[in-house]
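Take a look at the structure set out below.
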Protein chains: 2
Amino acid sequence: MTGRVETGADSGPSVANEAETRRSADSSERAYLTIRKLLVEFKLKPGERINEVQLSRSLGVSRTPIREALNRLASEGFVSLTPNRGFFVRSLSTEGLLDLYELRSIIESAAFRLMCERADDSEIDRLRQYWEAIVDVYPNQPPDIILAEDEGFHLLIAELSGNPELVGQLSSINARIRFIRRIQIEHPSHDKAQITSHSAIVEAAVKRDAENGAKLLREHIEMTVSATQQALKDALLKVFAPDNGAELKRRRRARDA
Amino acid sequence: MTGRVETGADSGPSVANEAETRRSADSSERAYLTIRKLLVEFKLKPGERINEVQLSRSLGVSRTPIREALNRLASEGFVSLTPNRGFFVRSLSTEGLLDLYELRSIIESAAFRLMCERADDSEIDRLRQYWEAIVDVYPNQPPDIILAEDEGFHLLIAELSGNPELVGQLSSINARIRFIRRIQIEHPSHDKAQITSHSAIVEAAVKRDAENGAKLLREHIEMTVSATQQALKDALLKVFAPDNGAELKRRRRARDA
DNA sequence: CGTCAAGAAAGTGTCGACACTATTGCGTTC
DNA sequence: GAACGCAATAGTGTCGACACTTTCTTGACG
């Protein structure tokens, strides 16, 4: 994604005081970031038509920057555009998720191999240090932090591959699957094998064992069909019945006690 | 790229009489296709700022659909957007090309492996038939046809992988490197090893020899640094000095005779 | 009840105008 | 010549209005 907008969505804008840093050409970018967040988190439901007029009102800008943002998000896979009917939120389906996870696995294992070939020792050490800095507290962090740290780990590998296209691809995939990954991390069955596999991946990196590391990554990333379906159930519950979802959880807890 | 615009850019619109099929919501799509073609072919020079007003005049539409198209093309890697300064044509550089070729190699070899796992015999036969239908005339076709047939061959492999994300990714990469690939095909040093490698790839597919096929694909696709630099020289000549390029070719021919 | 047609309402696509920002051109000074 | 400042020009970002398309509502009919 070398043609990305210069202000970049994934590196995050600086959290400056808005009144001080308010520049022109802000509305489209603000719209983009806000709508993207809604889409990443499925705050807008799968298949839902996006209402530009409503968004325009709630963001306090005219429809033009909304449409500009939506056109960008269409090309990024978050929405689809049907002429004269509008923009529709991407679907949330087993097949779609499996495809994305598979693509992620392909990108990440290739990145790992390239990292082993190309990175110098101090660069590999960056990965080791990243993991060592967080390994002890990682399992006790809230899901959002776990997710961010996990993504950071994997993006660092992509960065160390020396191919910026891989970084861009992985970053884009991350955003599209973040919602389901967050749900997986929240799930009680989410085990601590993540720690073991991250540590093993780091070890393979230090040894520059490309094939073993790539294999570990694949195992770490790829999901079975049934696991995907289970995660999807939880995701759909969260999307379509957020209150009922909480109610169901309360009932499950009462029953289990 | 599951969020693609429904009319799709890569499958090509039907070549209908425009007065008959003129629908509403056409301007943005027309702008998109026209500008994209300009960008694929580097008719707009690397680094050049895109002038919306000029495009608006030459396409006979207002600036709004131009901007909508450009926002899509920004997210697709053809242009970059700098706020208040406009959209700029993607660069044409050795590193950038190597990165894209590498990504293409990663995607294609993974697709080949998945195809060998998943495709049934009739599907693998599609690939064989595709190649057999063109192999005899292939080397004598004009560069544009060779390029289209080659892309079709590789996209069919991606399709047979069963992962639409891979198809979308490969399609997108193809568009971004098409210009340089066309130049390579035109080059006198472009040899007929392409035929041998395509045939060998088909043979590996028929045998479902995933690893050998992936290796052949990688060798078929990946470029050395020096080959990339040579191709880039020709590309830059074509972009920045199209007339001088023709003049230089005439002089070379006179000198060689 | 279901189906259809017509009209109203809502939403989409594009337009041209305006405010703002960046670039260019020109004159002055050293 | 280079550097600077200012004004003019050109281009970008957004606005609200208008035309067009789609969706929704309502009434009539079988």
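Lettering follows sequence order; numbering is per chain, from 1. FYI, side chains are in, hydrogens and waters are out, and symmetry mates aren't considered; it's all heavy atoms of this structure.
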Round to the nearest Å and state the distance from Phe87(A) atom CZ to dT22(D) atom C1'. 16 Å
With the side chain counted from C-beta on, respond yes when Tyr101(A) and Ile180(A) share a heavy-atom pair under 4.5 Å apart, and no when they do not. yes
Measure CZ/Phe88(A) against P/dG11(C) and give the value in whole Å, please. 13 Å
Checking Phe42(A) now: which residues fulfil ring pair (Phe, Tyr, Trp, His ring centres under 6.0 Å) with it, not counting sequence neighbours? Phe179(A)
Would you mind reporting whether Glu29(A) and Arg72(A) have side-chain heavy atoms less than 4.5 Å apart? yes
Between the protein and nucleotides 15-17 of chain C, list every N/O to N/O distance that falls short of 3.5 Å.
| unit_1 | atom_1 | unit_2 | atom_2 | d |
| --- | --- | --- | --- | --- |
| dC15(C) | OP1 | Ser62(B) | N | 3.4 |
| dC15(C) | OP2 | Ser62(B) | N | 2.4 |
| dC15(C) | OP2 | Ser62(B) | OG | 2.2 |
| dC15(C) | O5' | Ser62(B) | OG | 3.4 |
| dC15(C) | N4 | Thr64(B) | OG1 | 3.3 |

Could you note down all residue pairs passing side-chain hydrogen bond (donor to acceptor under 3.5 Å, both in side chains) where residues 55-64 of chain A supplies at least one of them, sequence neighbours left out? Glu52(A)-Arg63(A)
Does Lys43(A) come within less than 4.0 Å of Glu48(A), counting only side-chain N to carboxylate O? no
Counting only side-chain nitrogens and oxygens, does Arg85(A) get under 4.0 Å of the OP1 or OP2 atom of dT23(D)? yes
Any side-chain heavy-atom pair from Leu73(A) and Arg36(A) closer than 4.5 angstrom? yes
When you get a sec, tell me which of dG13(C), dT14(C), dT12(D) is the closest nucleotide to the side chain of Pro83(A)? dG13(C)
Given atom CZ of Arg30(A) and atom P of dG13(D), what is their separation to the nearest angstrom? 15 Å
Chi angles and distances behind the salt bridge (charged side-chain N to carboxylate O under 4.0 Å, His left out) call for Glu186(B), Arg182(B): CA-CA 6 Å; Glu186(B) 282 177 333; Arg182(B) 158 87 200 235; 2.8 Å; yes
To the nearest Å, how far apart are Tyr32(A) OH and dG13(D) P? 16 Å
What's the CD-C1' distance between Gln54(B) and dA10(D), to the nearest Å? 11 Å
Of the candidate nucleotides dG13(D), dT12(D), dT22(D), which contains the atom at the shortest distance from the side chain of Asn84(A)? dT22(D)
Ile66(A) CD1 to dT12(C) P, straight-line distance once rounded to whole Å: 11 Å
If you find the nucleotide of DNA chain C closest to Glu68(B) and the one closest to Asn51(A), which residue's nucleotide is nearer the 5' end? Asn51(A)
Rounded interatomic separation in angstrom, taking CD from Glu52(A) and C1' from dT14(D): 15 Å
Given atom CG of Asp26(B) and atom C1' of dT12(C), what is their separation to the nearest angstrom? 14 Å
